[in-house]
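Starting from 1, each residue takes its place in the sequence as its number. Keep in mind that the numbers below use all heavy atoms, side chains included, and drop hydrogens, waters and symmetry copies. Numbering of ligands and ligand atoms starts at 1, following listing order.
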Amino acid sequence: MSESMKPAPSTSPARVRTRHFQRAKEQGIKITGLTSYDMLTATIFDEAGIDFLLVGDSAGNTVLGYDTTLPVTIDELIPLTRAVAGAAKRALVVADMPFGSYENGPEEALKTALRFMKETGAQAVKLEGGERSHDQIRRIVSAGIPVMGHIGFTPQSEHGLGGHIIQGRGDAFDQLMRDARAVQDAGAFAVVLEMVPAEAAERVTAELDIPTIGVGAGPHVSGQLLVWTDFAGLTTGRIPSFVKKYADLRGALTDAVSTFRTEVADGVYPGDEYSYH
Ligand SMILES: Nc1nc(=O)c2c([nH]1)NC[C@@H]1CN(c3ccc(C(=O)N[C@@H](CCC(=O)O)C(=O)O)cc3)CN21
Ligand SMILES: CC(C)C(=O)C(=O)O
Ligand SMILES: [Mg+2]
């Protein structure tokens, strides 16, 4: 097809890129993201039109069974990220850099980002921290790798923060804004705001040029992100109060499993139609 015959740029690109994040904010089109840790969910979310898939270190909680994200390693995330990046045709895939893989400085951060880019097929990386991560973000961006920032509640520093505590409230708003500006100044293409008051997230979104992605940050942000096992009702135990459960996959699977178990016990499965002759 010749250049002149190509269709006009549509609002829904064939492949989401970082410039579409910027355009979405400018045009007031909301960005959607979900975490994904495997090929099957990646295909479902991608085909449903989710704009970006984050292979989060929340895999520590949702896949690997840890209590926190702190033990998660690069080597654990690489195969999951490769599975998601291999499956996503349209969505932009973001690799979450785990605790201990970038805090040591810009060179360590770049080394980690390069591993994710070379070994997984992800199109961007994410790391936690505002002012404290400015130099790391700048170094990675300078190598041509898009970075998504992450400020507000940063789970990798939950012990330093003293628990799952809302950030940017009252006097802490100034620090949140400084962190947001630092992430933008360092060259990030977007920033996640986790567990901040809706009013604070609205002010940060208005102040920044780059889009903000809320996780428990109210509606006045450029896009929304949720941990997929939470939004689909698969996670055990307590889920954060900002999560809306859009399905009951745990209930559906539990019903399926118990029917299977009963049918096997009763000799109902496999009947003739599920047997070879
Ligand atoms: N499954 C899952 N969902 C997440 O959203 C998530 C993870 N894992 N792992 C990494 C971080 C940790 N996050 C969390 C974890 C717990 C709360 C939480 O319990 N929040 C309470 C308020 C504070 C408290 O009582 O501890 C809430 O009711 O929202 C919030 C965010 C967000 N991320
Ligand atoms: C909760 C999001 C922002 C995250 O970092 C993750 O899933 O690891
Ligand atoms: Mg994370």
Side-chain angles (χ1 to χ4, degrees), residues 31-38 41-42 45 50-74 76-78 80-81 84 91-103 112-113 116 122 124-130 133 147-169 179 183 188 190-198 201 211-218 221-247 249-250:
I31 299 159
T32 54
L34 286 172
T35 68
S36 175
Y37 317 101
D38 69 289
T41 58
F45 304 157
I50 294 296
D51 297 310
F52 75 99
L53 302 180
L54 170 69
V55 188
D57 64 344
S58 52
N61 304 96
T62 61
V63 176
L64 301 169
Y66 308 147
D67 287 337
T68 70
T69 58
L70 274 66
V72 176
T73 64
I74 302 171
E76 286 173 325
L77 290 180
I78 291 246
L80 310 185
T81 311
V84 171
L92 183 127
V93 175
V94 182
D96 209 8
M97 295 187 14
F99 183 56
S101 74
Y102 58 91
E103 295 84 344
T112 300
F116 277 107
V125 299
K126 179 171 87 53
L127 56 93
E128 296 184 3
S133 297
V147 175
M148 179 177 278
H150 180 168
I151 62 172
F153 174 63
T154 45
Q156 293 172 12
S157 39
E158 73 159 83
H159 301 304
L161 296 171
H164 307 119
I165 294 171
I166 294 160
Q167 305 291 310
R169 188 174 258 169
D179 285 333
V183 166
V191 61
V192 170
L193 307 180
E194 178 163 353
M195 283 181 88
V196 303
T212 55
I213 307 295
V215 187
V221 286
S222 316
Q224 298 290 336
L225 167 66
L226 286 173
V227 170
W228 93 261
T229 53
D230 296 347
F231 110 106
L234 195 58
T235 303
T236 47
R238 255 167 62 83
I239 59 171
S241 53
F242 56 80
V243 176
K244 178 174 175 182
K245 260 178 65 173
Y246 284 84
L249 287 202
R250 196 166 188 84

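- Among all non-hydrogen protein atoms, the one lying nearest atom 2 (C) of ligand 2 is Leu54 CD2, 3.8 Å.
- For ligand 1, one of its N or O atoms has an N or O atom of Ser241 under 3.5 Å away.
- At under 3.5 Å, not a single nitrogen or oxygen of Ser58, backbone or side chain, sits near a nitrogen or oxygen of ligand 1.
- For atom 7 (O) of ligand 2, the nearest protein heavy atom (residue, atom name, distance) is Ser58 OG, 2.6 Å.
- Counting only heavy atoms of the protein, atom 1 (C) of ligand 2 lies nearest to Glu194 OE1, 3.9 Å.
- Closest protein heavy atom to atom 25 (O) of ligand 1: Arg238 NH2, 3.2 Å.
- Looking at ligand 2, you won't find any N or O of Glu128 less than 3.5 Å from one of its N or O atoms.
- Annotation: atom 32 (C) of ligand 1 to nearest protein heavy atom, Glu194 OE2, 2.8 Å.
- The nearest protein atom to atom 5 (O) of ligand 2, hydrogens excluded, is given as Lys126 NZ, 2.9 Å; this is a heavy-atom distance.
- Here the protein heavy atom with the shortest distance to atom 8 (O) of ligand 2 is Asp57 OD1, 2.7 Å.
- Numbered from 1 in the order shown, with element, the atoms of ligand 2 that lie under 4.0 Å from a heavy atom of Asp96 read 4 (C), 5 (O), 6 (C), 8 (O).
- Looking at atom 6 (C) of ligand 1, its nearest protein heavy atom turns out to be Val227 CG2, 3.9 Å.
- Take the Mg ion (ligand 3) as the corner point: the lines to OD2 of Asp96 and to OD1 of Asp57 open at 80°, to the nearest 10 degrees.
- Protein heavy atom at the shortest distance from atom 23 (C) of ligand 1 is His164 O, 2.9 Å.
- Taking each of Asn61, Val215, Asp230 in turn, the one with a heavy atom nearest to atom 9 (N) of ligand 1 proves to be Asn61.
- Close approach of ligand 2 to His150 (heavy-atom distance below 4.0 Å) involves ligand atoms 3 (C), 5 (O).
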Given Ile239 and Phe231, is the side chain to side chain contact (heavy atoms under 4.5 Å, CB included) satisfied, shown in steps? CA-CA 9 Å; Ile239 59 171; Phe231 110 106; over 6 Å; no
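- Looking only at protein heavy atoms, the nearest one to atom 11 (C) of ligand 1 is Pro155 CG, 3.4 Å.
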